[in-house]
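Before any comments, here is the structure.
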2 protein chains.
Amino acid sequence: MDHVDRKIIAELRTNGRASYAELGRTVGLSASSVHERVGKLEAAGVITGYHAVVDARAVGLGVTALVGIQPTDTASDDDVAVALGELDEVESCYAVAGDEAFVVKVRVGTVDDLELALGRLRRIDGVARTHTTVVLSTRFEGRPNNTSLGRPAGDARGGVAS
Amino acid sequence: MDHVDRKIIAELRTNGRASYAELGRTVGLSASSVHERVGKLEAAGVITGYHAVVDARAVGLGVTALVGIQPTDTASDDDVAVALGELDEVESCYAVAGDEAFVVKVRVGTVDDLELALGRLRRIDGVARTHTTVVLSTRFEGRPNNTSLGRPAGDARGGVAS
DNA sequence: ACTGAAACCGATCCGGT
DNA sequence: ACCGGATCGGTTTCAGT
């Protein structure tokens with residue numbers, strides 16, 4: 001993971017469909033070299049996938065809520081997490097510090113759907129209480145943080161070697 | 001926005017680098033037709049972009065926190081949102097209902113960086129108080145919700161026509 | 001680890017239906 | 001709206017450095 005890899009990653013984070021030729025031009029390498037590097041980054045689990053970003057309202061998902069989940073005393077966190085993952089409405093799931101075990105992001109079409117989704121959440125074994133915060137507007141979301149790009153080569157903390 | 005468009009969108013959400021030829025095979029159309037449809041979806045703002053997803057730890061961003069932001073009485077929400085957007089550490093920003101004005105997702109390298117980031121948040125004009133929830137583990141994130149794909153053609157709520 | 005050539009395949013344009 | 005052909009450019013492989 002050197003400076004060039006980071007530049008490639010930064011580019012692919014903002015334009016996930018950039019061609020290898022294009023990437024090669026921005027980093028000053030041949031397309032084949034970039035192809036090789038990207039393959040290694042994918043294999044190493046640094047790049048985990050590519051996704052199209054879709055306007056949620058345009059696909060009928062105009063209502064977003066953040067839901068804190070208080071567990072029962074007897075619950076296994078892992079079981080609860082798995083159950084949360086089985087609900088299609090739950091887009092993201094974070095285990096958190098504090099008196100709630102999880103915070104999940106729920107996305108649905110209408111407030112009626114939200115009511116249904118919350119009902120399903122509460123019916124999960126191990127869920128004692130939920131605390132819902134309705135999102136009024138998404139100002140921005142999933143923005144790439146490029147802080148790490150300025151750092152010297154070996155300074156990535158936390159694992160996943162190349 | 002018909003059934004085929006939704007199928008294309010679903011495919012691109014899970015594989016943002018799928019070729020038009022590939023997409024054509026999965027929906028039963030020629031590559032040129034798919035090319036045309038995707039172009040229209042992009043132009044209509046249904047597809048807003050393509051992003052590589054990166055393992056946060058691998059790029060030196062192993063610490064995530066959710067921060068609720070209480071505004072001062074005199075603050076303009078829009079000004080605060082803009083200021084939040086100027087901080088690189090703030091990955092997402094939601095205006096929410098409740099006694100907090102915003103919930104933001106912050107991603108940094110270390111707890112030291114988190115302390116610095118929270119300091120910067122509090123120094124924003126219009127921010128009275130912050131309430132931080134540290135993420136212990138991300139169970140899953142940004143999962144595509146496919147509820148809308150089962151719906152009949154004209155049933156997408158909330159706007160953005162084709 | 002990178003390059004450049006070469007074969008292959010997909011993207012993109014366009015005329016026709 | 002879709003197709004199919006033609007062309008152009010990118011992807012992918014590989015031998016060479």
Side-chain angles (χ1 to χ4, degrees), chain A residues 1-55 58-60 148-149 151-156 159-162, chain B residues 1-55 58-60 148-149 151-156 159-162:
Chain A
M1 262 279 273
D2 63 358
H3 157 78
V4 176
D5 282 333
R6 265 190 284 274
K7 214 164 164 184
I8 291 171
I9 288 168
E11 195 59 30
L12 283 173
R13 267 218 285 205
T14 55
N15 177 14
R17 278 180 88 86
S19 73
Y20 297 119
E22 240 173 296
L23 293 169
R25 267 173 249 129
T26 68
V27 302
L29 283 179
S30 69
S32 31
S33 288
V34 173
H35 180 244
E36 199 178 336
R37 278 174 177 266
V38 172
K40 283 176 186 172
L41 288 169
E42 289 170 355
V46 176
I47 296 174
T48 60
Y50 303 89
H51 298 295
V53 179
V54 169
D55 184 287
V59 293
S148 57
L149 299 172
R151 288 190 193 149
D155 202 24
V160 189
S162 107
Chain B
M1 263 277 274
D2 62 1
H3 158 78
V4 175
D5 282 333
R6 265 190 285 274
K7 214 164 163 184
I8 290 171
I9 288 168
E11 195 58 31
L12 283 172
R13 265 219 284 208
T14 54
N15 178 14
R17 278 181 88 84
S19 73
Y20 295 119
E22 240 173 296
L23 293 169
R25 267 172 250 130
T26 69
V27 302
L29 282 179
S30 69
S32 32
S33 290
V34 173
H35 181 245
E36 199 180 336
R37 278 174 177 266
V38 171
K40 282 176 186 172
L41 288 169
E42 289 169 356
V46 177
I47 296 173
T48 60
Y50 303 89
H51 298 295
V53 179
V54 170
D55 184 287
V59 293
S148 56
L149 298 172
R151 289 188 193 152
D155 200 23
V160 186
S162 105

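What you see is a predicted model, and the numbers here were worked out from it, not measured in a lab. Just so it is clear, the values below take in all heavy atoms, side chains as well, and ignore hydrogens, waters and symmetry mates. Within every chain, numbering begins at 1; the chains are lettered A, B, ... in the order of the sequence lines, protein sequences first and strands thereafter.
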Open item on the list: Show the nearest heavy-atom pair for residues A/M1 and A/R6, with the distance to one decimal.
Closed with: O-NH2, 3.9 Å
- [ ] Could you state the atom-to-atom distance from CG of B/L23 to C1' of C/dC9 in whole Å?
- [x] 15 Å
Task: Under-4.0 Å salt bridge between A/K40 and A/E36 - done: yes
Open item on the list: Heavy atoms only, 4.0 Å cut-off, all strands: where does A/R17 land among base, sugar-phosphate and nothing?
Closed with: nothing
TODO: Would you indicate which nucleotide in C/dT3, C/dG10, C/dT12 comes nearest to any side-chain atom of B/H35?
DONE: C/dT12
- [ ] Report the residue (A/K40 or B/A21) whose heavy-atom-nearest nucleotide on DNA chain C is the more 5′ of the two.
- [x] A/K40
Task: Nearest-neighbour nucleotide for the B/L29 side chain, D/dC3, C/dA11, D/dA1 considered - done: D/dC3
Task: Donor-acceptor pair under 3.5 Å, A/S19 side chain vs D/dG9 base - done: no
Task: Nucleotide D/dG10, atom P - distance to CG of A/N15 in whole Å - done: 14 Å
- [ ] Starting from the 5' end of DNA chain C, give me the residue, A/S30 or B/Y20, whose nearest nucleotide shows up first.
- [x] A/S30
Task: Integer-rounded Å distance: D/dG4 C1' and B/E36 CD - done: 14 Å
Open item on the list: Working to the nearest 0.5 angstrom, can you tell me the gap between A/L12 CG and A/K7 NZ?
Closed with: 13.5 Å
Task: Presence of A/S33 side-chain N/O under 4.0 Å of C/dA1 phosphate oxygens OP1/OP2 - done: no
- [ ] Provide the closest heavy-atom pair for B/E11 versus B/T26 in the form atom of the first, atom of the second, distance.
- [x] CG-OG1, 4.4 Å
Open item on the list: Side chain of B/S32, heavy atoms from C-beta onward: which of D/dC2, D/dA1, C/dC13 has the nearest atom to it?
Closed with: C/dC13
TODO: Would you mind reading off the distance between A/E22 atom CD and C/dA11 atom C1', rounded to a whole angstrom?
DONE: 13 Å
TODO: Take atom CZ of A/R25 and atom P of D/dG9, then tell me their distance rounded to the nearest Å.
DONE: 11 Å
